[in-house]
Amino acid sequence: ANSGWEIKNAYIDFNAPVDMPLNFKVGLLGAKLTKAGVVFNDDTPGIYVTTNFDPVKVRLLYSRLNDNVFDSNPQNPTVSLGGIGQVNPMTGTDSGDDWDFWGADVGFGGEYWSADVGIGYLPTTKSPSDDGADLDFGIVALDGDLKFDHWTAYGTAAMNFGADDGPAG
């Protein structure tokens, strides 16, 4: 029975004992790449590393989206892959493939402006459908804003790339 309780995030948060400000979050966590979350914005099992070289902030993300798991229950949650869309790597077929997502984001700015450049990549994996296709997803995004006295202008641009070698339908 569903008790209504959910563990949303469970992770270890620590700073590396080195001469630079290096923060690690490891576990089930909320991760976001680019200010608008275009490259990645979801709860995920993974490793999220951030560092700050004022005024530049760097974020790196590794996430194991699928760990060779088969579950034909369609109630499993979907995972957002930025502008690529939503996928559910746990349903459809047991591909025997792991889904590893790699991402990076570099943010910089000043008093009246900021910009983020992000990239995300999901290397060749088996399709979540039964067509046996190999999927290869990626996204590059630029996210920025200009701040004025009483208003702010935001802009986001993204480009998806990759391949689906499945049968033409």
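When reading the values below, keep in mind they use all heavy atoms of this one structure, side chains included, and skip hydrogens, waters and symmetry mates.
- Taking CG of Leu146 as the reference point, atom OG1 of Thr152 lies at 9.0 Å (rounded to 0.5 Å).
- Taken from CG in Leu29 to CG in Asn9, the straight-line distance is 6.5 Å, to the nearest 0.5 Å.
- Atom CD1 of Ile139 and atom CZ of Phe137 lie 11.5 Å apart (nearest 0.5 Å).
- In this structure, OG1 in Thr51 is found 5.5 Å from CG in Leu22, a value given to the nearest 0.5 Å.
- Across all their heavy atoms, Lys35 and Asp145 have their closest contact at NZ-OD2, 2.5 Å.
- Side-chain atoms of Val140 and Phe161, non-hydrogen and from C-beta on, do get closer than 4.5 Å to each other.
- Residues forming a ring pair (Phe, Tyr, Trp, His ring centres under 6.0 Å) with Tyr62 (at least two apart in sequence, or on another chain): Trp102.
- The ring pair (Phe, Tyr, Trp, His ring centres under 6.0 Å) analysis of residues 9-30, with sequence neighbours excluded, yields the pairs Phe14-Phe24.
- At least one side-chain heavy atom of Phe101 sits under 4.5 Å from a side-chain heavy atom of Phe40.
- With sequence neighbours left out, Tyr154 forms a side chain to side chain donor-acceptor pair (under 3.5 Å) with no residue at all.
- Within 6.0 Å of the NZ atom in Lys147, the count of heavy atoms belonging to other residues, nucleotides or ligands exceeds 12.
- Linking Ile, Leu, Val, Met, Phe, Trp and Tyr whenever their side-chain heavy atoms come within less than 4.5 Å puts Ile12 and Ile47 in one cluster.
- When the side chains of ILVMFWY residues are joined at heavy-atom separations under 4.5 Å, either directly or via intervening members, Leu61 and Leu28 end up in two distinct hydrophobic clusters.
- A side-chain contact (heavy atoms from CB on, under 4.5 Å) with Val39 is found for exactly one of Ile119, Val117, Thr34, namely Thr34.
- Residues satisfying the side chain to side chain contact (heavy atoms under 4.5 Å, CB included) test with Leu60, not counting sequence neighbours, are Val49, Val58, Ala104.
- Taking CG of Leu33 as the reference point, atom OH of Tyr48 lies at 5.5 Å (rounded to 0.5 Å).
- Between Phe148 and Tyr112, a ring centre-to-centre spacing not shorter than 6.0 Å is recorded.
- Pairs of residues two or more places apart, or lying in two chains, that qualify as salt bridge (Lys or Arg N to Asp or Glu O under 4.0 Å) and include a residue from residues 104-119 are Arg59-Asp105, Arg59-Asp116.
- Shown here are the side chain to side chain contact (heavy atoms under 4.5 Å, CB included) partners of Asn23, two or more places apart in sequence or in another chain: Asp13, Asn15, Lys25, Thr50.
- For Lys32, there are no side chain to side chain donor-acceptor pair (under 3.5 Å) partners at least two apart in sequence or on another chain.
- Side-chain N or O atoms of Ser63 include one that pairs as donor or acceptor with a backbone N or O of Pro45 at under 3.5 Å.
- Sorted pairs that involve residues 148-157 and meet salt bridge (Lys or Arg N to Asp or Glu O under 4.0 Å), not counting sequence neighbours, are lacking altogether.
- Closest approach of Asp43 and Gly30 over heavy atoms only: OD1-CA, 3.4 Å.
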